[in-house]
Each structure stands twice: as C-alpha cells, then as structure tokens.
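What follows is one structure encoded as structure tokens, with my remarks underneath.
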Amino acid sequence: MLEKTGVPTPEQVDSIFPTEERLSQGPIAIIECFQPIPCDPCATSCPQGAIAPFMDINDLPIINNKKCNGCGICIMKCPGLAIIVLDMTYSETQALIRLPYEFSPLPQIGEIVLALDRSGAKVAEAEVIRVTKGKPPIISIAVDKALVKTLRNIRPQPSEAAILCRCSDLNTDDIREFIAQGHTTVDAIKRLSRLGMGPCQGRTCTPLIIRELATVLSKPVESFQPGTYRPVVKSIKLGELAEYTE
Amino acid sequence: MNRTADYVIIGGGISGAAIGYFLLKNGAKNVVILERNYLTAGATGRCGAGIRQQWGSEMNCLLTQFSCNFFENAEEELGYPEGIEFHQGGYMLLVSNEDELAQTKKNIALQNSLGIESQLLDVNQAKVLTPILDTGNILAAAYHSKDGHLNPFKTTQAFADAFIRMGGNIYTNTAVHGLKTENGRICGVDTSQGHIATDCVINTAGGHTNIIAALVGEEIPIYAERHNILVTEPVEPILSTMVMSLSLNFYCQQVPHGSFVMGRSCTNQPRDLRVTADSSFPENMAATVVKIMPALKNIRMLRQWAGLYDMSPDKHPIYDRFPNVEGFYVAAGFSGHGFMLGPATGQIMAEQILGLEPTLPWNRLGLSRFETGEMILESSVV
C-alpha cells in the first residue's frame with residue numbers, strides 16, 4: 001500500500017503511535033517514516049537528543065518518548081514532510097496538530113480550513129490556531145480528538161470565485177466588488193484594479209470581464225465596450241526596440 | 001440627477017476632483033462634478049504621475065511644495081486606506097552639459113531658499129542612489145529625496161470618494177453640450193443627462209478646456225499637445241528614484257507594482273486632441289532609456305499610449321475667471337504637470353471662488369498676465 005499510494009497502513013501508523021499515557025503528558029512528535037532511505041536530518045537536528053542516532057543512514061527514526069518535548073524543530077527538517085507534533089492536552093475535546101504546509105498563500109489564524117486525511121480526502125473542518133513561518137511553514141490546527149490518527153493535511157475552503165484576470169490575479173469576487181462600488185465599464189475597473197494591464201493586455205480577460213459586467217448589471221454583452229487596444233501587439237524587449245533607431 | 005447646483009465642475013480628472021473636495025472642505029454646499037467618460041479618462045489617467053518640487057520658477061516650487069505636503073498626508077486626510085502609492089524614493093534630474101549644470105545650480109539655490117532641500121550630486125553620489133545608471137552620459141544630478149511618484153487613478157479616486165462622502169455628486173458618462181448665460185452671467189449647464197441650473201461653473205477639462213469655453217464664446221491661450229508614454233512588464237524593484245533629464249529628454253520611474261513607466265517629448269506632435277499612438281515613439285524611447293540605464297534592455301515593453309498636455313504660453317497654470325462671463329472659472333494650462341499640482345489647484349480655486357484669503361500667490365496666475373507680459377518662465381518641463 002505504502003509503495004503504491006504513499007499512504008501507510010493502519011498497522012504501520014499504530015506501530016509508531018505514542019501510548020495514551022505519553023499523549024496525556026503533553027505534545028510529542030510523530031514520525032510517519034516507514035521506508036528505509038538515506039536520510040537523517042531528523043536525528044541530527046533534535047536538540048533534546050530524542051531521536052536515536054542512526055547507525056546506518058538508511059535507518060528509520062526511533063523516538064524516545066521521554067526525551068521528546070514536542071518542540072517541532074524536526075518538522076521543518078524532514079524533507080519528506082513526514083513529521084507532525086500532536087498535543088492531546090490542548091483542550092477537553094480537541095487536540096492540536098502542528099503540521100508542515102508547503103502551499104501558498106498561507107491560511108490566516110482563525111480561518112476554518114478543510115482537514116484532510118493522508119490521501120488528501122476531506123474528513124473534517126479545523127480551525128487554524130497558529131501559523132509559524134519557516135521552511136516549510138508550520139500550521140497548527142485544532143481538531144476533534146477522535147480524528148488525530150486520520151488528519152494529516154489541510155486545504156483552504158474552496159472559493160466559488162473564478163479567476164478572470166490571470167496577469168493581475170483578479171477573480172469574480174474582486175470584480176463584483178468594483179462593480180458594487182459603481183465602476184461599471186471595463187476601463188473604469190481597469191484603472192483601479194490593473195485588470196488587463198498585464199502581459200496579456202486584456203486579450204484573455206476582456207471577454208470574461210464583459211460577460212461578468214453583463215451578468216451582474218443584467219445588460220446585454222453588446223452594450224459594453226472593451227478597453228482600448230494599443231501597440232505593441234506582442235511584448236518586446238526595450239533593447240530590441242532600441243536597435244530599430246540605428 | 002441634480003437639477004440645481006451651487007457649483008458645477010466640468011472635468012473628472014485630478015483637478016476637478018481636487019477642486020470639488022476643497023470647495024466642500026471650505027464650506028461650499030451642493031457641488032457637482034461632470035465627467036463625459038469615467039474618472040481619470042483624460043490626462044490624469046495617462047500621465048507619468050511624477051511628483052517633484054525641483055523647478056526653475058519660484059511659483060512652480062511653491063505650488064508643488066503645497067501639493068507634495070498634501071500628498072504626504074493624503075491617505076489620512078482623504079480617508080483612503082487602500083493607499084495612493086506615494087513612493088517618495090527621490091527625484092533625480094540628470095545634468096549632461098555645462099549650460100544645464102549652471103542652470104541647475106541656480107535652480108537648486110532658488111529651491112533651497114524656499115525650504116526645498118534639493119542638492120547637487122556628483123556622478124558617484126548619483127550612482128549610489130540609482131545603481132542602474134550609466135554615469136558615462138552625465139556630469140552631475142540634482143536630487144530631492146522627498147519627491148517621487150504616485151498612482152494617479154487611486155489618488156483621484158481618493159479625492160472623489162472623500163468628495164462624495166462630504167455630500168458631493170459625481171456624474172460620469174455625462175457630457176456637457178451647452179452653457180447657458182443670462183445678462184453676462186452663467187446660469188446653467190446642458191448635459192447629456194439633462195439641464196442643471198447653477199450660477200457657478202468651473203472649467204477644468206484639460207485639453208478640452210477651450211471646447212467648453214467656446215460654448216459661451218470664450219477662449220484662453222492654451223493648446224493641447226499629444227505626449228507619449230509606455231509601460232513595461234513588472235519586475236523586482238531595481239529603481240527607487242524617479243529619473244528625468246531635460247537635456248537627455250526623458251523621464252522614467254518604476255511604480256510600486258514593478259512596471260517601468262517612461263516618456264519623452266517627441267517632435268511634430270498633433271495638436272488636434274488626438275491621443276492615438278505615435279509609431280516612432282517606442283524605439284526612440286527605448287534607445288534613450290537603454291543608453292542611460294542599460295539594465296532595462298531585457299525588460300519587455302507591454303503598451304504605449306498618449307495623453308494631452310494643455311500647454312500655456314509660460315508653462316504655468318491659469319487659475320482665473322473668464323473675463324466676459326460672470327461665474328465661469330477656469331483651471332487649465334498645466335503644461336504637463338497638472339497631476340502633481342492637483343492639491344494646489346483645488347486649494348487655489350476654492351480660495352478664488354469662495355473669496356478666501358490666498359495661501360498661495362495665485363493672483364499672478366490669472367489670464368491678465370498674457371496681456372501685461374508679466375509671465376513666469378519655466379524651463380524644466382519634459
């Protein structure tokens with residue numbers, strides 16, 4: 001299973017999962033590393049010496065549950081993103097999971113995100129408690145204690161907004177906000193949002209923005225003018241342009 | 001739409017928006033701004049948006065000093081948390097010949113006497129502040145650290161938002177077709193959306209000022225000249241200063257978003273209100289700027305456009321009442337720097353219309369100077 005899907009079996013997870021007793025004492029790192037590969041930053045980075053020194057670079061890490069204080073330094077060191085820190089003492093009903101997160105943009109503190117299992121499937125929702133910047137950043141989420149063996153990643157809530165302008169990164173929500181403020185032509189929106197000012201120069205986004213204007217304002221598409229098209233047809237380096245004068 | 005107004009401003013650029021704001025701020029009520037297209041559709045939205053206090057005339061120094069001080073606090077004063085992108089990265093005027101050096105020294109002495117802390121830099125100092133400069137082309141540079149550039153769209157919107165919050169009305173997509181007078185006094189404006197009765201109209205239509213003036217048979221000595229400008233793709237910040245040179249004929253800045261915006265004066269430009277693209281401009285612009293800042297040669301140009309400079313005979317603005325029509329005012333003739341003068345324009349017109357004590361010497365900026373010959377000369381315009 002692990003070799004084909006990257007997801008360990010429940011038995012493999014159980015084999016490295018800390019005891020109830022240890023979990024009741026505070027945060028601890030959990031390393032879901034099941035494949036002997038030549039990699040040892042976790043062992044060399046632990047300031048507590050809680051990960052046994054490797055005899056062979058292909059060794060699997062073994063955590064000393066007494067020494068580990070759940071500091072989380074090993075999370076950032078693991079290139080396989082295989083380490084989390086679990087704190088079952090976070091609250092009566094919830095546990096805190098600190099996990100590595102390599103996507104951009106980072107979630108905001110307090111944001112409710114989708115909590116995913118190891119295969120990436122949505123299992124629950126979770127509140128972001130802390131965002132620690134680093135390489136990679138570490139996100140702390142509060143989750144139901146019953147799901148601590150399942151949840152291993154997050155993703156933002158899906159947005160219903162569709163991208164309209166790729167160059168200036170504007171979506172339908174952004175454009176509707178400008179329309180709500182009374183900017184109801186392509187040019188009027190362009191001047192405040194940079195819509196159509198990027199490398200495509202409006203060639204991609206103009207029909208999309210006109211359709212959005214027509215939908216929101218309930219007017220025919222033909223009643224909207226595109227922005228003015230101007231030279232150059234295709235972007236050109238200043239150095240190449242300069243040669244034309246010689 | 002309003003059927004009556006105390007004040008009707010024609011033109012929705014920086015000047016119109018600022019005049020509207022300062023009128024309300026100084027106690028006026030029932031003010032309307034008319035714009036035939038959208039806000040900043042004219043010269044404001046097409047300009048290079050440089051802000052400098054380094055001028056050759058005392059008058060321009062005073063006007064821009066007022067404006068620059070205003071811009072420094074504009075986000076708070078106008079209540080515009082999105083920000084107007086005022087980048088005070090300094091403004092560097094490159095000097096490339098001996099005559100220009102002598103004039104620059106005089107200008108700096110004048111500026112310093114007015115409290116503008118500009119200074120003359122040698123080529124090494126210039127290179128420190130503008131590392132991408134090829135100093136082989138220059139002798140020295142004038143520099144003022146508090147100058148820079150800002151976003152003309154957002155600045156105008158900030159004035160407009162404040163104006164609306166204070167009770168003003170803006171009508172976009174509303175063209176002016178006629179002005180009504182009665183016994184030599186303005187009494188109304190005919191627009192594409194209907195008639196507005198008013199006894200005060202302010203004409204701040206940029207290059208189109210004389211078209212509006214002609215509706216009541218007036219004309220002022222300005223003409224509209226096309227000026228070209230281009231923008232590149234955005235890149236990481238490599239140019240903090242706004243760089244300009246009169247003798248090398250260019251200005252160039254990198255906006256906070258990362259794009260380079262640059263322009264230069266071209267010969268034989270039409271004066272018929274055309275804002276079409278000049279096909280020879282991009283290559284001449286590129287050749288100029290690549291010679292002075294070679295690092296820009298690998299950055300791609302995305303677009304060129306053009307706007308109108310409303311040129312006055314002495315390159316200073318005209319703030320006055322039309323002589324033959326009571327209640328009809330004009331703010332025009334900005335000669336390529338109407339954007340940076342915006343706050344001063346607003347303040348001056350409010351003082352003039354409301355009969356307030358002048359904070360700036362605008363009595364010298366009236367139309368009579370062209371008859372008496374008391375013009376103010378300005379050399380520093382690209």
Side-chain angles (χ1 to χ4, degrees), chain A residues 165-170 173-175 177-206 209-210 213-214 217 219 222-246, chain B residues 12 35 37-41 44-46 82 151-154 156-158 160-161 164 170 172-173 228-234 252 255 257-262 275-291 293-306:
Chain A
C165 168
R166 290 171 190 278
C167 305
S168 299
D169 196 16
L170 296 162
D173 284 350
D174 300 322
I175 297 307
E177 200 175 320
F178 282 110
I179 297 172
Q181 288 167 11
H183 308 292
T184 53
T185 63
V186 173
D187 277 332
I189 293 173
K190 170 185 168 182
R191 74 197 166 91
L192 288 172
S193 68
R194 295 187 188 278
L195 171 114
M197 288 188 181
C200 99
Q201 285 293 296
R203 287 170 184 86
T204 310
C205 54
T206 300
I209 170 76
I210 287 182
L213 278 164
L217 299 171
K219 284 185 179 175
E222 309 82 71
S223 66
F224 294 95
Q225 294 288 322
T228 315
Y229 286 96
R230 287 187 177 268
V232 285
V233 172
K234 181 177 175 294
S235 66
I236 178 170
K237 286 181 180 175
L238 291 175
E240 291 167 4
L241 261 175
E243 286 168 18
Y244 284 98
T245 54
E246 285 158 12
Chain B
E35 164 56 47
N37 205 331
Y38 53 90
L39 293 179
T40 72
T44 297
R46 297 159 188 274
E82 292 95 306
N151 182 320
F153 306 111
K154 294 191 170 174
T156 308
Q157 194 63 44
D161 286 355
I164 290 169
I170 299 179
T172 55
N173 298 306
N228 300 278
I229 186 164
L230 69 78
V231 67
T232 70
E233 61 189 334
C252 177
V255 301
H257 177 66
S259 299
F260 282 81
V261 172
M262 56 189 78
V275 287
T276 46
D278 181 333
S279 60
S280 67
F281 165 71
E283 58 223 46
N284 289 324
M285 183 73 243
T288 306
V289 82
V290 164
K291 191 173 163 209
M293 292 180 277
L296 302 189
K297 68 176 188 291
N298 288 320
I299 299 177
R300 289 175 179 81
M301 167 193 173
L302 289 184
R303 183 184 185 89
Q304 72 173 110
W305 66 95

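Side-chain atoms are counted along with the backbone in the values below, which use heavy atoms only and exclude waters and symmetry mates. Residue numbers begin at 1 in each chain, while the letters A, B, ... track the order of the sequences. These figures come from a predicted structure and were not determined experimentally.
Heavy-atom distances place the side chain of Met262(B), and not its backbone, under 4.5 Å from chain A. Residue Val289(B) touches chain A through its side chain alone, counting heavy-atom pairs closer than 4.5 Å. Using a 4.5 Å cut-off between heavy atoms, Thr276(B) contacts chain A through its backbone alone, with no side-chain atom that close.
Residues passing the side chain to side chain contact (heavy atoms under 4.5 Å, CB included) test with Asn151(B), sequence neighbours excluded: Arg194(A), Glu85(B), Phe153(B), Lys154(B).
Considering only heavy-atom pairs separated by less than 4.5 Å from chain B, the leading option among Thr228(A), Leu238(A), Leu241(A) is Leu238(A). Looking only at heavy-atom pairs under 4.5 Å with chain A, the residue among Met285(B), Lys291(B), Gln157(B), Glu233(B) that has the most is Gln157(B). Counting heavy-atom pairs under 4.5 Å between each of Leu302(B), Asn298(B), Val290(B) and chain A puts Leu302(B) at the top.
Residue Glu177(A) qualifies as open at atom CD: its count of foreign heavy atoms under 6.0 Å is 12 or below. No more than 12 heavy atoms of other residues, nucleotides or ligands shown are found within 6.0 angstrom of CZ on Arg166(A). The 12-atom threshold is not exceeded at CD of Gln225(A), counting heavy atoms of other residues, nucleotides or ligands nearer than 6.0 Å.
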For residues 230-237 of chain A, which side-chain donor-acceptor pairs fall under 3.5 Å, sequence neighbours excluded?
unit_1: Arg230(A); atom_1: NH1; unit_2: Val275(B); atom_2: O; d: 3.1
unit_1: Arg230(A); atom_1: NH2; unit_2: Val275(B); atom_2: O; d: 2.9

